[in-house]
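Step one of this worksheet: look at the structure below.
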Amino acid sequence: MSDRYDFRAIEGKWQARWEAAHLHHAPDDDARPRWYALTMFPYTSGDLHTGHWYAMAPSDTAARYRRMQGYNVMFPIGFDAFGLPAENAAIARRIDPKDWTYANIEHMRGQLRRMGATFDWEREVITCDPDYYRWTQWWFLQLYRQGLAYRAEAAANWCPGCHTVLANEQVVDGRCDRSDDVVERRFLTQWFFRITNYAEELLRFDGINWPERIRTMQTNWIGRSEGAMLDFPVDVAGVEDPLSVFTTRPDTVYGATFMVLAPEHRLVDRITTGEQRPAVDRYVQETARQSEIDRLSTEKEKTGVFTGAYAINPFSGRRIPIWIADYVLVTYGTGAVMAVPAHDERDFAFARKYGLEVIPVFTHEGTNISQPLESAFVDGEQMVNSGTFDGTPFASAKQAVIAHAEREGIGRGTVNYRLRDWLISRQRYWGAPIPMIHCDEHGVVPVPEEQLPVLLPENVQFEPTGQSPLTQIEEWVNVPCPIDGKPARRETDTLDTFMCSSWYQIRYCDPHNQEQPVSPELARKWLPVDQYTGGAEHAVMHLLYTRFFWKAARDMGIVEGDEPMLRLFSQGVILGPDGNRMSKSRGNVVAPDELVAEWGADAFRCQLMFVGPWDQGGPYNPTGMQGIIRWLNRAWSVAVEEPQFAELAGASETRSLRRVVHRTIREATADMESFSFHTLIARLMELTTALSRARDAGPVDRAAWNEGLRSLLLMMAPLTPHLAEELWERTGGSFSVHQQLWPAFDPGLARDEMVELVVQVNGKVRERIQLAATASEAEARVAALASEKVRQWLDGKEPRKVVFVPGKLLNLVL
RNA sequence: GCCGAAGUGGCGGAAUGGCAGACGCGGCGGUCUCAAAAACCGCUGGGCCCAAAGCUCGUGUGGGUUCGAAUCCCACCUUCGGCACCA
């Protein structure tokens, strides 16, 4: 046989055969231990790009490896199918979003099949399918029942390009993460999920193996601060409630010489005096006109206006002015701060500009606090100017002040978070309708569960108006109130699509269940996900939301355990050949379909895995395909062109071949465990070379050859599933190579007999000597001193010290 | 500004205290061929040297620890990522 590797003849053939044999379906009733491997499902953009391949092919390799280790592996796939592009396509091209989406899915299914991945298509989910979003709506109702969904007016991020509000997580540097438009601040009544209820728990990552990078990003995003809430009475007739402020420095409260409110703060209008009103109104309007980007710039000089009103410092009793300034954010804490210019840089800058009083309340080494301060200082030695607290050391000051505040009922120790509740309303059409009804008499009423799904109406006008297109469909909007049947109106906003993806991994376990989102038995069998893989761009969106969702589901008794994904691996970003992100405008897009058509799926998979460490990503090297193709050709030739056989069971060349084989298994197994696919491929290339050299060198022991070839094909199976299957069959293996066990290595056979021992003199390599691997220090010394070269370097001296690393090195120190 | 990761041949990268550059690309030389391509084989960090042997330099920069450092420690530079007026 001298035929050559032709992927065209084998890839389609085996894909069909695997499908016919349901090889990739994970049965629910199977005695093997389960392994739930999950790769993030794709958005239905209509085209599978290189980034998808880069994410999915290695995930598939890892999943196949687990199967060869004896697990019942579930590796499902589906489509994240709701979202704006479908609607924008509808507007631009006058096609129905549904038609656009399902046509895209059809195309992408073909692309995914040609990848040759072990996807369990019998578990496919499509989030825009009523069978799926019925349960997304169901989840909404459960969260509502738990008090975790609520409607409130708040400062929301409005994207003028997308004509909808966005969650905080979708705003990057003041811009929409999708359209890049500068977001505007609008005060709107919207639906939220109380993710902040779980802030504390979301900061803990106990029992899960997630990358440090993702954990840090989530931790930063949640932004926990310890401090106190302090109440400052307002000295304005008719304002009874005190002004509460959050501070991380309650110990500096005696130095609070003024207060600052965000310009949007509710109290501003009520406390502003007649004299100050024109200036305040002007400032509030100016602030409202500014973009968030300008407003949040730390470069900008601080500005503000006095309201004319005063508050009382509850500790010092001092009457202090209330200002407004745009450096105070209405979205954080209470939207008001106590300003302590002596100990806060921002307050200091503000006080200096407007001539406000500065009172230091700590002593500080190297600072004369009886002189006007040059700058604020944050640490200190002990409290001063603080009444009975004077002399309290810095370290215990916070606790002392908090304890006092709690005793007096003027404040309390608290923890504040940067994390805001998750805004889930969207003023767009292509999403799951929020299953609520507004009734004049009964307020907001949930749609009864048996009426789910609330179907999206069809034939809708999409031209963006700033309101959901659903508002215009009278026959859909007008419904009877579920309580008394009187005329009422449906909620017309749709759900953030991140809600659809927050629970998809749960639905995969029981995708066809018509009674429940998942049966308790199947949830228990498959969940949580053992290995999740996906991009780091979802760190504070999808990956945070799905953890929140899971914890809420746990508290409702639907799932068990504290975390939805036990292990997470975040792959890097595959870049264009020029080192930039692939984009049509740059013209550096690498199209998978073309490469698959030219070189085959196996080769493309390997090329992507050979780029470098998976978590680092990097530029795609167009010429790199050659190396992979050469390897696959050599592997083909090694499998189909037998050597001359002879009985050489104990011969040294046999031992040496077996050593390479067993060592490769050892290393390849470690590489699989650590997702080090590039070094794994390198090792298999070496094994292929070793086999072909052994064959060309003369007669080979039959058993050793078969062991080596068989091991090579088994280890290639997760990487090149089609090629391995074909060669497995040609070399007499039974269907399927993917149902075989991963090879085991014999440490004894992997061990070296002879080693090249490095001899160093004063730490520099001067000689290499052949020695039995088990040689002792004394033996190594004798062998080293037998070398003329070593003796020359020793120059007749006796080594002062000898370092011996068995099997590796002997260092003679003079 | 704060936090984190990274920096190694012409290129992607390997080696996480013990032979720097595995494996691959590219390059050079060869086999085959009328020729080219493909395939296969060999060589391929810099310097000294006709060459080899050999010596020497070499993992962002400068110091340190160690018999021995790409690897550990300190300082700095650069790149990337995250957070950033969060009180």
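Both backbone and side-chain heavy atoms feed into the values below; hydrogens, waters and symmetry mates do not. Not measured: the values here are computed from a predicted model.
Base-pairing analysis of RNA chain B finds the following stems of at least three consecutive Watson-Crick or G-U pairs, with both pairing distances under 3.5 Å: B:1-7 with B:77-83, B:10-12 with B:23-25, B:26-31 with B:39-44, B:45-48 with B:54-57, B:60-64 with B:72-76.
A salt bridge links A:Glu301 with A:Lys353: at least one charged nitrogen is closer than 4.0 Å to a carboxylate oxygen. Salt bridge A:Asp671/A:Arg683: present, at least one basic N to carboxylate O contact under 4.0 Å. A salt bridge between A:Arg289 and A:Glu286 is absent, with no side-chain N of the basic residue lying under 4.0 Å from a carboxylate O of the acidic one.
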Begin from the C-alpha positions of A:Arg175 and A:Val172 and carry the test side-chain contact (heavy atoms from CB on, under 4.5 Å) through to its verdict.
-> CA-CA 5 Å; A:Arg175 292 173 182 274; A:Val172 178; 5.7 Å; no
Quick test: give all pairs of protein nitrogen or oxygen and nucleotides 42-48 of chain B nitrogen or oxygen below 3.5 Å, distance rounded to 0.1 Å.
| residue | atom | partner | partner atom | Å |
| --- | --- | --- | --- | --- |
| B:G42 | OP1 | A:Arg693 | NH2 | 3.2 |

Please produce a list of atom pairs where a protein N or O lies less than 3.5 Å from an N or O of nucleotides 54-56 of chain B.
| residue | atom | partner | partner atom | Å |
| --- | --- | --- | --- | --- |
| B:U56 | OP2 | A:Arg766 | NH1 | 3.0 |

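The side chain of A:His678 contributes no N or O atom lying less than 4.0 Å from OP1 or OP2 of B:C23. Between B:G18 and A:Lys808, no contact under 4.0 Å exists linking OP1 or OP2 to a side-chain N or O. Proximity of A:Ser225 to the phosphate of B:A87: a side-chain N or O atom is located under 4.0 Å from OP1 or OP2.
Closest to the side chain of A:Arg634, out of B:C23, B:G24, B:C19, is B:G24. Distances from the side chain of A:Thr679 to the nucleotides B:C40, B:A14, B:A39 place B:A14 closest. Comparing atom distances between the A:Leu809 side chain and each of B:A39, B:G18, B:A87 picks out B:G18 as nearest. Comparing B:A87, B:G24, B:A22 by their closest approach to the side chain of A:Leu329 singles out B:A87.
A:Pro58 is not listed as a side-chain neighbour of A:Phe675, based on a closest heavy-atom distance of 4.5 Å or more. Within the 4.5 Å cutoff, the side chain of A:Glu686 has no heavy atoms near those of the A:Thr664 side chain. With a 4.5 Å cut-off on side-chain heavy atoms, A:Tyr620 and A:Tyr54 do not count as touching. Side chains of A:Leu423 and A:Asn168 form no contact here, defined as non-hydrogen atoms less than 4.5 Å apart.
B:A15 sits 28 Å from B:G54 when the P atoms are compared, rounded to a whole Å. Of the P atoms belonging to B:A53 and B:G21, the separation is 16 Å, rounded to the nearest Å.
Listed by first and then second residue, the salt bridge (Lys or Arg N to Asp or Glu O under 4.0 Å) pairs involving residues 799-814 of chain A amount to none (not counting sequence neighbours).
At whole-Å resolution of the value, CG in A:Leu544 and C1' in B:G82 are 14 Å apart. Summarising the geometry, the separation between CD on A:Glu686 and C1' on B:A15 is reported as 13 Å, rounded to the nearest angstrom. Here the C1' atom of nucleotide B:A14 and the CD1 atom of A:Ile681 are 14 Å apart, to the nearest Å. The CZ-P distance, from A:Arg695 to B:C40, rounds to 11 Å in whole Å. Atom CG of A:Asp671 and atom C1' of B:A15 are 12 Å apart (whole Å). Straight-line distance from the CD atom of A:Gln571 to the C1' atom of B:G81: 15 Å, rounded to whole Å. The separation between A:Asn811 atom CG and B:G68 atom P is 8 Å, rounded to whole Å. Distance A:Tyr5 OH to B:A38 P: 19 Å, rounded to the nearest Å.
Using a 4.0 Å heavy-atom cutoff across all strands shown, A:Glu756 reaches at least one base atom of the nucleic acid. Among the atoms of the strands shown, only primed sugar atoms or phosphate atoms (P, OP1, OP2) are found under 4.0 Å from some heavy atom of A:Val813. The residue A:Arg800 sits apart from the nucleic acid: no heavy atom pair falls under 4.0 Å. Nucleic acid contact for A:Val328: base, since at least one base atom lies under 4.0 Å from a heavy atom of the residue.
Listed by residue number, A:Thr623, A:Gln626, A:Gly627, A:Arg630 are the residues of residues 623-633 of chain A with a heavy-atom contact under 4.0 Å to RNA chain B.
In this structure, OG1 in A:Thr331 is found 5.0 Å from CG in A:Leu329, a value given to the nearest 0.5 Å. Interatomic distance, A:Asp231 CG to A:Leu243 CG, rounded to the nearest 0.5 Å: 9.0 Å. With values rounded to the nearest 0.5 angstrom, A:Trp53 atom CH2 is found 8.0 Å from A:Leu608 atom CG.
Classification of the A:Trp323-A:Tyr354 ring pair by plane angle, with boundaries at 30° and 60°, yields tilted. The aromatic rings of A:Phe569 and A:Trp614 sit parallel, their planes meeting at an angle under 30°, below the 60° perpendicular limit. Ring-plane geometry between A:Tyr5 and A:Trp636 is classed as tilted, the angle between the planes lying from 30 to 60 degrees on a 0 to 90 degree scale.
Along RNA chain B, the nucleotide nearest to A:Asp344 and the one nearest to A:Ser676 differ in position, and the one closer to the 5' end is contacted by A:Ser676. A residue-by-residue look at A:Lys801 and A:Pro613 shows that A:Pro613 has its nearest nucleotide of RNA chain B further toward the 5' end.
Glycosidic conformation at B:G45 (O4'-C1'-N9-C4 for purines, O4'-C1'-N1-C2 for pyrimidines): anti, more than 90° from 0.
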Scoring nucleotides 2-12 of chain B by protein non-hydrogen atoms under 4.0 Å (B base, S sugar-phosphate only, - none) yields ----------S
